[in-house]
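Below is one structure; the comments refer to it alone.
Below, chain A is the first sequence line, B the second, and so on; all start at residue 1.
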Amino acid sequence: MRYADILCFARDAATAYPLRTTLSVLAMAIGVASVVLLTALGDGARRYVVGQFSSLGSNLVIVLPGRSATGGFNPANGITTTPRDLTVDDAAALLRAPAVQRVAPLAVGTSEISAGGRLREVVAAGSTASLMAVRNFQLAQGRFLPEDDWRSSAPVAVIGMTVRNDIFGNQPAVGQLIRLGDRRVRVIGVLKSTGQGVGMNTDELVIVPVALAQALFNSNTLFRIMIQARGREQIEAAKAQATAIIKARHGGEEDVTVITQDAVLATFDKLLGALTAAVAGIAAISLLVAGVLVMNVMLVAVTQRRAEIGLIKALGARGSTIQQIFLAEAAMLSLAGAVAGYLLGQLGALVLRQLFPVFPAYAPGWAVAAALMTALVTGLLFGILPARRAAQLDPVDALMRH
Amino acid sequence: MPLTDVFKLAFRAVIAQRLRSFLTLLGIAIGIAAVILLTSIGEGIHRYVLGEFTQFGTNVISVHPGKVKTGGAALTGLPSSAKPLSLEDAEALMRLPNVVAVTPSVFGNAEASTAGRLRRVTVYGVGPDMLKVFKGRVRSGRFLPVEDANSARALGVLGPKLKYELFGADNALGARIRLGGLQFRVIGVMESKGQFLGMDLDDTAFIPAARAIELFNRESLSEIDVAVAEGVSSVSVMTEIKKVMLARHGREDFTLISQEEMLTSLSSILDVLTMAVGALGGISLFVGGVGIVTMMTISVTERTAEIGLLVALGARRRTILGLFLSEAVALAAVGGVIGLLLGVGIAQMIHLAVPVLPVHTPLLFVLLAEALAISIGLAAGVLPARRAAQLNPVDALRSE
């Protein structure tokens, strides 16, 4: 029998029972669609986080105060106090490192902002002019903090978009005086809205010179020092140099944790990747169930087409030909299911992208390929038993029973 | 037709096509097993996390500096321009009714050293009542003594891991250690508490809060923790605390968080997670349902003549409907039971293989899963059963 004939035969057999075929295709399609859609969700989350991290700035090295002996990044180190402060002078000293391009000290705290009778709680960040370049900030209006001595506390502030809208409404903000804690400062710029981001929501941020922030919170210590390395390949060098400089300045005691953005990013990447794979695996269980269904339907088909098989065999067809016919039908069912599921899943992802434009829900290539392959393989694997059953039918027996 | 006959007929129909029925219920079984397995893991993690939190006592209210409008915890430890919490605030709270114990708390990271050994640890500045609030126990020696909070002596209690790292098997009691820039005398060693959410609770040193303020060169406390008497609602105590703090500070520049509230919200988040994971497994169950529809449809087509005969003999349409429905339900129910056994079995095996992963299958989930399987059988059976019931007996008989 020619292969074209086998395919036609299988196609006719499948279309003869439209309801049954549709249902098995549907089962397979649900499985493939759920794998495609769920991995699109998982991978979308991964891309979103990675994108958010990259928007923090490139080639970042971050110095945190405090270190834990047990190694690794300890959540307790995130925000904590140490006997020896991480100071603005430490940050300034880091500029000497050859691999370091820019340094931005960061002192963070909460404070109250008020103007014209309106008052709200904000996160105030003290930093310098270089923060703009380090963190890739963009301005909507005005200008950023002026480039001057880190120890001087010019009474100026750059505010986030939400803060601007809450305090000033439709009125112009740049040039206005606001009260921040117990200080009066002049708004010189408004940050462009970036939406919710990782770490700090810049829309609700008020940025002031670092000396002013430290005076406001009455502390000498910094929350972070953000370092921008001279290039991607210089990140490790910058990390080592920064650690050495701080250690030398702190009397030989290594009491800071230096992390690179890449390391944090890689951790998140791995974590979310594993999560996506796990979710895909769970969804793939439904492909197994669909495979069982295909097998069942094929078994029914073998029983119903006994006479036909007997006739073909009596006419001289070999067992292998019969087997091929049934395998072709099983493959067709699962292929149709896989393609339908793929389209359904992509449609779902498209709807998701339309509903949440910030969320890049694209199914990754490996997941799509794996889903399609799993569907085909399960279909074929579960088709083997019915096909062998059909091939082993005794032609006389099969014809007689009819 | 009597009900028993309906069941007998349905049972015979299931048995007659053994392999086919087995495969159909296998589909449901895999789905139920997936749901049970995933929710078991989810519920296990739920209990584990709640257990981790409740080991510190459930009746704790913590006072944080700074007011957060949207609720939830303030960014602990961040400096704030709000009026800071003081040791006097902690003392004032102790005088409230229904308050069992109060401990001020200042934490930070410092280097601990003794003769030649050095280790970076988390240092907690607390009050003598810390043990009562956080259910800690001292293994040897004693905890910080009760004395004037502002002029507490420089005494320290070590976590067991820190004690081991600094002193090995030697006696630590009475020894002097250096924390940051200050000298402390060790008066006790704590009982091991183990890890908590990735933080090692044994690698710590406890010193009086006033000394910690000095050590970290701060002016105020990180937080104040208040233990409420058993059986008293934390809400009423929270209002009392709020009153006292308002009177002392003049405005609401603090945030109160009760452990009870936190546990409730944590619990509901974990519940949602378990549900979501269960729903993922439900996709397989749904596909299994499609399997039942398919097989029942095939069954109706094959048994057209039989149905025609039954109707011709006077069987009512309701009987035919019941016949096919009960067949579908029987398939689903048996599949559900097999799936339950499979799911619980795999969950327990996973627990044996990976003891860290907590697993728990509540009876409620088992019942719900079985009910779900049965209702899937019912829903999947309706379409084919209706088709069977609406067959015209004459046509049906002719089709033979």
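With salt bridges taken as basic N to acidic carboxylate O contacts below 4.0 Å, one links B:Asp203 and B:Arg119.
Taking the side chain as every heavy atom from C-beta outward, A:Val294 and A:Met28 approach each other to under 4.5 Å. Between B:Thr274 and B:Ile45 the shortest side-chain heavy-atom distance does not fall below 4.5 Å. In this structure the side chain of B:Arg18 never reaches within 4.5 angstrom of the side chain of B:Leu23, judged on heavy atoms.
Note: B:Phe254 and B:His249 have perpendicular aromatic rings, judged against thresholds of 30 and 60 degrees for the angle between ring planes.
Within the 4.5 angstrom heavy-atom criterion, atoms from both the backbone and the side chain of B:Thr24 approach chain A. Within the 4.5 angstrom heavy-atom criterion, only side-chain atoms of B:Glu302, from C-beta onward, approach chain A. With a 4.5 Å cut-off on non-hydrogen atoms, A:Ile285 touches chain B through its backbone and its side chain both. Of the two parts of B:Leu38, only the side chain, counted from C-beta on, holds a non-hydrogen atom closer than 4.5 Å to a non-hydrogen atom of chain A. For B:Thr294, the parts sitting under 4.5 Å from any heavy atom of chain A are the backbone and the side chain alike. Contact annotation for A:Ile282: both backbone and side-chain heavy atoms come within less than 4.5 Å of a heavy atom of chain B. For B:Phe22, no part sits under 4.5 Å from any heavy atom of chain A, backbone or side chain. For A:Leu23, the parts lying under 4.5 angstrom from a heavy atom of chain B are both the backbone and the side chain. For a residue to count as touching a neighbouring chain, one of its non-hydrogen atoms must lie under 4.5 Å from one of that chain's; by this rule B:Leu280 touches chain A with backbone and side chain alike.
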Please report the C-alpha distance between A:Ser24 and A:Arg20 in whole Å, then the side-chain angles of each, then the deciding distance to 0.1 Å, and finally whether the side-chain hydrogen bond (donor to acceptor under 3.5 Å, both in side chains) criterion is met. CA-CA 6 Å; A:Ser24 359; A:Arg20 174 208 293 181; over 6 Å; no
Run the side-chain hydrogen bond (donor to acceptor under 3.5 Å, both in side chains) check on B:Ser192 and B:Asp202 step by step: do they pass? CA-CA 6 Å; B:Ser192 175; B:Asp202 296 342; 2.8 Å; yes
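For a heavy-atom cut-off of 4.5 Å, chain B lies close to A:Ser34, A:Leu38 in residues 33-42 of chain A.
Taking B:Thr297, B:Leu37, B:Ile28, B:Val287 one by one and counting their heavy-atom pairs under 4.5 Å with chain A, the maximum is reached by B:Val287.
B:Ile350 CD1: more than 12 foreign heavy atoms inside a 6.0 Å radius. Residue B:Arg386 places its CZ atom among 12 or fewer non-hydrogen atoms of other residues, nucleotides or ligands, all under 6.0 Å distant.
Checked against A:Leu222 for a side chain to side chain contact (heavy atoms under 4.5 Å, CB included), the options A:Val88, A:Val108, A:Leu106 give a single hit: A:Val88.
In this structure, CG in B:Leu26 is found 8.5 Å from CG in B:Leu342, a value given to the nearest 0.5 Å.
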